[in-house]
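None of the values given here were measured: they were computed from a predicted structure. A note on names: the letters A, B, ... follow the listed sequences, proteins ahead of strands, and every chain is numbered from 1.
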Amino acid sequence: MAQVSLATNIAGIKLKNPVIAASGTFGFGREFAEFIDLNKLGGISVKGLKLRPTRGNKPPRIAETPAGILNSVGLQNPGIEAFIKDELPFLRQYDTAIIANIAGDTVEEYCEMARMLDDTEIDAIELNVSCPNVKSGGAAFGSSPGAVSEITSRVKACCSHPLIVKLTPNVTDIAEIAMAAEASGADAISLINTVLGMAIDIHKRKPVLGNIVGGLSGPAIKPVAVRMVYEVSKSVRIPVIGMGGIFSGEDAVEFMLAGASAVMVGTANLVNPFACLEVIKGIEEYMEMYNYRHVNEIIGKLDTA
Amino acid sequence: MAQVSLATNIAGIKLKNPVIAASGTFGFGREFAEFIDLNKLGGISVKGLKLRPTRGNKPPRIAETPAGILNSVGLQNPGIEAFIKDELPFLRQYDTAIIANIAGDTVEEYCEMARMLDDTEIDAIELNVSCPNVKSGGAAFGSSPGAVSEITSRVKACCSHPLIVKLTPNVTDIAEIAMAAEASGADAISLINTVLGMAIDIHKRKPVLGNIVGGLSGPAIKPVAVRMVYEVSKSVRIPVIGMGGIFSGEDAVEFMLAGASAVMVGTANLVNPFACLEVIKGIEEYMEMYNYRHVNEIIGKLDTA
Amino acid sequence: MAKALKEKVLSLKMLSHSVFRMSIESEYISSTALPGQFVNIKCGDGINNILRRPISICGVDRQKGTFDIAFQVRGKGTRLLSEYSGEDLIDLTGPLGNSFSLPHTLIPQKHSKVAAVGGGIGIFPLLFLLKEMNNAEKHAYLGFRDCRSMVMVEDFREVTDKLLISTDDGSAGYKGAVTDLFEQHIKTWDKPDIIYACGPVPMLRKIVSIAQAHDIMCQVSMEQRMGCGIGACLVCVCATRQDDGWKYSRVCKDGPVFWGQDVIFEE
Amino acid sequence: MAKALKEKVLSLKMLSHSVFRMSIESEYISSTALPGQFVNIKCGDGINNILRRPISICGVDRQKGTFDIAFQVRGKGTRLLSEYSGEDLIDLTGPLGNSFSLPHTLIPQKHSKVAAVGGGIGIFPLLFLLKEMNNAEKHAYLGFRDCRSMVMVEDFREVTDKLLISTDDGSAGYKGAVTDLFEQHIKTWDKPDIIYACGPVPMLRKIVSIAQAHDIMCQVSMEQRMGCGIGACLVCVCATRQDDGWKYSRVCKDGPVFWGQDVIFEE
Ligand SMILES: Cc1cc2nc3c(=O)[nH]c(=O)nc-3n(C[C@H](O)[C@H](O)[C@H](O)COP(=O)(O)OP(=O)(O)OC[C@H]3O[C@@H](n4cnc5c(N)ncnc54)[C@H](O)[C@@H]3O)c2cc1C
Ligand SMILES: Cc1cc2nc3c(=O)[nH]c(=O)nc-3n(C[C@H](O)[C@H](O)[C@H](O)COP(=O)(O)OP(=O)(O)OC[C@H]3O[C@@H](n4cnc5c(N)ncnc54)[C@H](O)[C@@H]3O)c2cc1C
Ligand SMILES: Cc1cc2nc3c(=O)[nH]c(=O)nc-3n(C[C@H](O)[C@H](O)[C@H](O)COP(=O)(O)O)c2cc1C
Ligand SMILES: Cc1cc2nc3c(=O)[nH]c(=O)nc-3n(C[C@H](O)[C@H](O)[C@H](O)COP(=O)(O)O)c2cc1C
Ligand code: FES
Ligand code: FES
């Protein structure tokens, strides 16, 4: 059998394989370290960090929907200082890319966090732009090209780590937003974050989630995610990291064919602590089946003739 | 057991119950008439009509995804004249609301169709604004409040039937779009149309659909649809017709609690020719279980305290 | 007229590593189905696996009130179908689609010569068709991948006057495409009056061109991904010729059987 | 330490119209589980029904290497669980969560008096707890909807010195809430040293207030909708007091057992 190489390099981030644990579904890695060898992962995107400790939303915070889940954790968080002091040293023990996913209420908060991370040993920053911009009416930063431009260029100016901008799918034109991020200095794009959704308990006549609305993730959103990765990959030159409902190697290959240079696995971790490892193995098997040696032979190789 | 009444009246359209077959999944009713008594339906929204006969998209036109389907029929269609001549007389035999779903490439086409329908015996027009506006760059009419305003007011000016504007979910702010439709004369809003998605055959390394992308429908999108119906119902005063993944009476009740005055059943018809009837029965059972007598006791009665 | 039915599975037999034959009790289907028609089966729960799966009727027993299907396990739906067992109820709609035109309706005055050409899962509807033909000389040409994939050969032998087999690897019968086998035969032998074909698109395209070259009537049964299966949703189309050009016809309602010359085989 | 396991189901017994007890073979769980801990079970395929379902361990047999769970069928997940049968493999993670503090660790010098108060499905972890207690006088108060819903009464009788039962409709035992039954008892009778409670939130709130009124140590086991079950996703929280105010604690990792006075019962 041909020796396959899953190693890849995205915007200066070295990955031993293209599979990264998605933010918010993997904590700071500690709990999963009981189940799997974190050294085997391409990378870990940590739970979204905020400048200050944050309590998060009122429970219940999760609901099951057809082939998906809704969550409304709302960035419960020890704060970035605690992360740097208590969590990063633990994570740095492992030979895997550590991505700091950050979320702010204002552009200034994002910048402050980026500066605080600047002399830490993380491999990249992932800008979660799905959060509401508290200063300008509460629309998510990620919902307009202008806001994405501003936040990207401002953060880029104050950090030396590779900068991944993570897009929200709740927009009319995702390619336009991705292009704005690219033009403003993003080194890579990751997508998609969760799709806004809601579930109702018809017997209690109440929303299931304490927060009323939440983010839909899991296999249900995979077709939407694949489409957006495809659209974005065609529109930007920087690498794209795809996610949304990846549960198997085959799912990951769909994203890679659509143009993703790497993938993130989120919801799957919740049901299966070995999910990331199984996705890695599945990609490997696919490559062996078709005699590919490098992931580059898959990435963007969709035939749309 | 209390006698429940499912009859309702939406923007002047009398419905014997709040369950309408969704456009594109029920043809012009002929095929379903073999399986069910069309008189039992609240209404039928016919396959999207175009001004001229239309071939539609290249097959394959359907893919199965987790708890959903993707379709890319692309408005295959005998044209509105043939509808009026050959199909409407058949449909008018039945005592059920007939809604003409229309789709144009330009505002003028929409107006022309509305005029042609004006002296026919339909009960309402449903404006499918998910189609690309050929004259202005190909973005869907429904993707900006401005375009929705224009098309709504222009069509409203040339038709006397109640006008339902059917929104696309592929937008950043659905409430804003709904408000634009309301302000421009819409008598009701229906939502959601399908969510843009894509599926890839990793063995052929090709999109599954001949059209590359398609519209996601079915239970997978239900949380997104419920959320949008909730947001729109809070923002407009005109009635809202909800749809997206309704397979049971319980699903329908979710939409009604979220604010929908009526619902449409789409994808469920494809797997189960009795789907609409089962949804009607399910709503009835729910009302009996909680001793409701009128659907108004459910509509919008979500407790979000 | 098609009905939505819940019928009892009587038996499920494994015919090869991947092909199963299922007998289903159904007074309605067995008494109304015509060769070429299919049923649309809800293999899963209809929510997580939404779409029904179209499977041809491969035989009926009107006395017993039963009919048979044969299917290959390919993906999720057919895998679920292979897990049914006797006494389970199966949810299906049918009989669906048009049907093959029987020889006596096409050439009433003659004991006609008929060739049925099938490839892979395309052979199943032909069994029903051949069985229903009287007053015809029946030749069948069946193409399989290899000898391990050969199924229903005895059933075909019973209802044909001549049976020829090809395998891609030559492990049984003629080595090569069934279209080549067929073409050689009509060159060296009396040509048939009618060809019925079912199988993959490249095979059908070839058969139609052979039929046209030899001026033989030809009907083909098409496959397409389906939604409703009853003609309402317009997802299952194939391109067909009409006077003023072409249009998309519904495989589930206008087909699955088309006249060979009417079909425009895309790419 | 929790593990992800695929274990063999040994038996499934129906205890009432909606409650089942399942025995599962697991060397690992039976030898490591502590009372109050739970397992998180993949009831469906994990794709269409994504979330695991948390179910308390209601007993272990260390000799045989087995453990038991008991569950009520409520929705999709527990319904699927009730369809398992002997020899099936069950996919679970566990043992998860912290555990009840046993009396001898809380009051080492004393043969303490213990009250276990359970309502509905909340009784199950208490059975394991009561069984694991030595050197204590054990009273249990179990609340059921009606006599049809009463389950495991004999099991509880075996591991308690006194067992009291209430039903909402009075069809067995005390008529009314188990909290009222319990409150009457500590008024008329020697108060316990420790209360362990598990059940619906209103019941727990009441028990905690009774405990505080009488100055009794009290531990409660909380329920919350869960994601990962291992502490990583932060979806399963309940509000708990801390020095400088309050925070959200993870029921799956920091709990499910909390000190009564630490929990802020919302709404
Ligand atoms: C009219 C007709 C008659 C058929 N008769 C038979 C038969 O007798 N025996 C048999 O084994 N097969 C038959 N097929 C093909 C059969 O329908 C597919 O093999 C089956 O749907 C595959 O489903 P799956 O879940 O196993 O595969 P998946 O790949 O998981 O299916 C995904 C989707 O694609 C569709 N699909 C995949 N392959 C095909 C195909 N070749 N044709 C149509 N839809 C497809 C499925 O229906 C489903 O909607 C027939 C198809 C048609 C259209
Ligand atoms: C630590 C813990 C221990 C438990 N122990 C037991 C036990 O021993 N026996 C028993 O019968 N039940 C127990 N439960 C409750 C049990 O988890 C729920 O009844 C079950 O998850 C319902 O799932 P369902 O699919 O039947 O219901 P559905 O309503 O279909 O479930 C939908 C979602 O809500 C969640 N959910 C629904 N009700 C609850 C609930 N009460 N608590 C937590 N999540 C819920 C489900 O896990 C699922 O994610 C326990 C819960 C927790 C948190
Ligand atoms: C419980 C949960 C918490 C999440 N928290 C975050 C977060 O803090 N920051 C972030 O950028 N994305 C967060 N996400 C989104 C995921 O990282 C991912 O973008 C999304 O879930 C889609 O991928 P999936 O379908 O594989 O889960 C969260 C998702 C879930 C399910
Ligand atoms: C096969 C198919 C064809 C459709 N065609 C149309 C159409 O012509 N016009 C329209 O407004 N919506 C069309 N729709 C969208 C549905 O009417 C409905 O808005 C959508 O599918 C969501 O509802 P559902 O999940 O119940 O199907 C179509 C949907 C499907 C599945
Ligand atoms: S499958 Fe719906 S028209 Fe053929
Ligand atoms: S369920 Fe994930 S932290 Fe508790």
Nearest-0.5 Å distance that lies between atom [atom1] in [X] and atom [atom2] in [Y]:
| X | Y | atom1 | atom2 | result |
| --- | --- | --- | --- | --- |
| A:I62 | D:L51 | CD1 | CG | 4.5 Å |
| A:E64 | D:R53 | CD | CZ | 4.0 Å |
| A:N71 | D:C233 | CG | SG | 8.0 Å |
| A:L70 | D:R225 | CG | CZ | 10.5 Å |

Exercise. For D:A2, is it the side chain, the backbone, both or neither that has a heavy atom under 4.5 Å from a heavy atom of chain A?
Worked result: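 The answer is both parts of D:A2.
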For this session: Pick one of side chain, backbone, both or neither for D:K253, based on which atoms fall under 4.5 Å of a heavy atom in chain A.
Result: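 Just the side chain, heavy atoms under 4.5 Å.
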For this session: Would you mind telling me which of A:N57, A:N272, A:T65, A:T25 has the largest number of heavy-atom pairs within less than 4.5 Å of chain D?
Result: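 Result: the option with the highest number of such pairs is A:N57.
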Problem set entry | Heavy-atom side-chain contact between A:E34 and D:I230 under 4.5 Å |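 A side-chain contact is absent here, since even the closest heavy-atom pair is not under 4.5 Å.
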Problem set entry | Pairwise side-chain contact, D:Q224 with A:P60, heavy-atom cut-off 4.5 Å (strictly under) |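 Counting from C-beta outward, D:Q224 and A:P60 do come under 4.5 Å.
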Exercise. Is the side chain of A:R61 donor-acceptor paired with the backbone N or O of D:V237 at a distance under 3.5 Å, no angle test?
Worked result: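 No: the side chain of A:R61 does not pair with the backbone of D:V237.
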For this session: Quick one: closest heavy-atom pair of D:A232 and A:F32, and the distance?
Result: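 Reported closest heavy-atom pair: CB-CE1, 3.5 Å.
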For this session: Taking all non-hydrogen atoms of both residues into account, name the closest pair between D:R250 and A:E31 and its distance.
Result: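 Nearest heavy atoms, D:R250 then A:E31: NH1-OE2, 3.3 Å.
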For this session: Examine whether an atom of A:F274 lies under 4.5 Å from a heavy atom of chain D, and if so say whether it belongs to the side chain, the backbone or both; otherwise answer neither.
Result: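 For A:F274, the side chain is the part near chain D, not the backbone.
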Exercise. Which atoms of A:F35 come close to chain D, meaning under 4.5 Å heavy atom to heavy atom: side chain ones, backbone ones, both, or neither?
Worked result: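 Only the side chain of A:F35 comes within 4.5 Å of chain D.
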